[in-house]
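We count residues from 1, following the sequence as given.
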Amino acid sequence: MGQSHSQSQTHISVLPNEVVVSILQHLPPQEIKSAVLVCKSLREMGEKPRFWTWAVVTVNTKDDLQKLKRPRLQMVQEIDVTQGSHGGTGVQCNWIKEEGLADLFQVIGEIPTVKRIRGLEFCKGIQDIEPDLVVGVLNSLEELKLCYGFAEEDGEEDEEEDDEEDEEEDEEKEQEMEQEMQMKLSTEQLELLFTAVAEKTNLKFLQVSGQDMLKDMDKTDETDEVDEMDQMDEMDTISPELFAAAVSNVEEVILKEHFKEDITSKQFEALYSIIAVEDRPVRKLTCLSFYIDPMGDVDPELLSKAFNRLEEFTTVNCGSGEQWTAILRGLVEGDSRLKKLMVEDINLEVVQNLDQNLVRRAKKKFGQFYQDPCTVLENRRYLLDCIDIIDTSES
């Protein structure tokens, strides 16, 4: 007797909710977007915030803030306020210039999952926002460029996978770098933020540049003949201890001084001291200053202990022969954690006066650890020549 076989399709609405949720959790973003359009039941389940954490919310105008009030976006992790410009460092949104940043922070303050805000450093008006709100938002991020002044490249090498299209955008990026970063906090905001970061923070990356961590030197008596460096060290608006506790509580830190001295020698020394004696979270430290020597007169052995507790340390044209001898000896003879050490624009006399056997041992351990000014200049010329060759071949 013949049997008839029929295939029946099970509608997704008859599946247990746990099964549907499991299916949705494994869908890529584009499929999630499609799934919520299939039927009412899928839309209701697909609207749960946990399925939309991948979304990057673009805020171009003040009206765009309404996006952040949608139920599905209440666990969003990234916001873009750059108007989609290259590299995430683009033109400010006009509404931010008109005191819109305070409104943005009010909304973000209600979404504790936000970890990144692209282009935040170019937004004006931070000092006009209530300090506790500023601290709450900034300390919840994973990346923060606390910078004021013209943007500059960090000197990081381009990834190998950068394609030719990225190279064609170099000129546009250079124009963007001419913009001023606006993330300059008031003294109260800065002190509250550093206090919060020192206690507990979500920050994994912190860059500090152009902040007023010194009292206004213009208000001091110009006829006072007190040594300028000693005077500055006594005028910290952020105590060296607080500065050190906060900065050392972040895994990767870049400290830059391009336009004025805003980090004192005592603050640098306090940072090295806490790293040397405590097991702090900081692992990568970059100290770049064109106003003072970040290593100053710090005890060589203290520097050796501090730097050899880090995984990466980068600086430029600083340090004495005694200091570098202690650092290198700790590297090759001690239990060092250092995986990368780079001193750019180093004084060649300092290197030549070091124990060359110690230098060779250090190089053997992790390669060239310094660049003299001539090498840096040659590398920059070589890069420019490569760009010219590419431009010529494409034209």
Side-chain angles (χ1 to χ4, degrees), residues 146 187 190-191 193-195 197-199 201 206-215 217 226-331 334 336-338 341-347 350:
L146 204 60
T187 300
L190 197 61
E191 187 168 4
L193 177 61
F194 273 53
T195 300
V197 172
E199 182 177 341
T201 184
L206 173 65
Q207 181 174 333
V208 181
S209 178
Q211 301 302 310
D212 283 335
M213 287 188 284
L214 283 171
K215 295 179 182 177
M217 293 296 294
V226 176
D227 183 77
E228 185 176 348
M229 297 303 296
D230 291 339
Q231 187 183 52
M232 284 185 172
D233 282 340
E234 295 174 358
M235 300 185 70
D236 304 322
T237 58
I238 302 298
S239 72
E241 295 75 19
L242 177 56
F243 174 85
V247 170
S248 65
N249 208 27
V250 181
E251 291 181 10
E252 182 175 359
V253 177
I254 298 177
L255 303 175
K256 285 188 174 184
E257 292 184 316
H258 286 295
F259 310 103
K260 64 175 184 177
E261 182 189 341
D262 46 32
I263 302 175
T264 67
S265 57
K266 284 188 176 181
Q267 288 169 335
F268 276 118
E269 184 173 2
L271 175 60
Y272 305 143
S273 296
I274 196 172
I275 295 174
V277 300
E278 298 182 23
D279 190 13
R280 304 295 292 174
V282 64
R283 290 293 177 264
K284 300 178 182 180
L285 177 62
T286 298
C287 298
L288 305 176
S289 175
F290 297 95
Y291 289 86
I292 65 172
D293 183 343
M295 292 165 62
D297 297 326
V298 181
D299 177 68
E301 293 303 321
L302 174 63
L303 289 175
S304 178
K305 291 179 181 178
F307 294 172
N308 282 291
R309 276 178 170 267
L310 299 170
E311 292 181 1
E312 296 184 13
F313 179 72
T314 302
T315 190
V316 57
N317 190 21
C318 69
S320 66
E322 292 79 10
Q323 290 171 329
W324 285 115
T325 295
I327 294 167
L328 295 181
R329 185 168 288 122
L331 170 67
S336 177
R337 297 176 182 173
L338 264 180
L341 173 65
M342 179 51 63
V343 190
E344 299 177 357
D345 292 353
I346 194 171
N347 186 337
V350 172

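In this structure, the side chains of V250 and V197 come closer than 4.5 Å at one or more pairs of heavy atoms. With contacts defined as side-chain heavy-atom distances shorter than 4.5 Å, the pair L146/L193 qualifies. The closest side-chain heavy-atom distance from L285 to L271 is below 4.5 Å. For the pair V282/R309, no side-chain contact is recorded, criterion being any heavy-atom separation below 4.5 Å from C-beta on. Looking at S239 and F194, their side chains never come closer than 4.5 Å, going by heavy atoms from C-beta outward.
Using bins of under 30°, 30° to 60° and over 60° for the plane-to-plane angle, the ring pair F313/F307 lands in the parallel bin.
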Checklist entry - Please walk me through it: do R283 and R337 pass side chain to side chain contact (heavy atoms under 4.5 Å, CB included)? => result CA-CA 9 Å; R283 290 293 177 264; R337 297 176 182 173; 3.8 Å; yes

Checklist entry - Please walk me through it: do L310 and I275 pass side chain to side chain contact (heavy atoms under 4.5 Å, CB included)? => result CA-CA 8 Å; L310 299 170; I275 295 174; 4.3 Å; yes

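Contact record, I292 with S265: CD1-N, 3.7 Å, taken as the closest heavy-atom pair. For the residue pair L255 and I263, the shortest heavy atom distance occurs at CB-CD1, 3.9 Å. In terms of heavy atoms, A245 sits closest to I274 at CA-CD1, 4.0 Å. Scanning both residues, T264 and Q267, for their nearest heavy atoms gives N-OE1, 2.9 Å. Of all non-hydrogen atoms in P281 and N249, the two that sit nearest each other are CG-OD1, 3.2 Å. When all heavy atoms are compared, the tightest approach of S304 to A326 is OG-O, 2.9 Å.
Without hydrogens or angle criteria, T315 side chain to C287 main chain gives a donor-acceptor distance under 3.5 Å. With hydrogens and angles disregarded, a donor-acceptor distance shorter than 3.5 Å links the side chain of D262 to the backbone of G210.
Expressed to the nearest 0.5 Å, how far CG of N317 lies from CG of L288 amounts to 11.0 Å. To the nearest 0.5 Å, the span separating NZ on K266 from OG on S273 amounts to 12.0 Å. Of the inter-residue distances, the one linking F268 atom CZ with C318 atom SG reads 9.0 Å to the nearest 0.5 angstrom. Interatomic distance, R329 CZ to N308 CG, rounded to the nearest 0.5 Å: 12.0 Å. In this structure, CE in M295 is found 5.0 Å from CG in L303, a value given to the nearest 0.5 Å. Note: E251 CD to K284 NZ = 9.0 Å, rounded to the nearest 0.5 Å.
Between D299 and K305 there is no salt bridge, since no side-chain nitrogen of the basic residue lies less than 4.0 Å from a carboxylate oxygen of the acidic one.
Surrounding CD of E278 are more than 12 heavy atoms belonging to other residues, nucleotides or ligands, all under 6.0 Å away.
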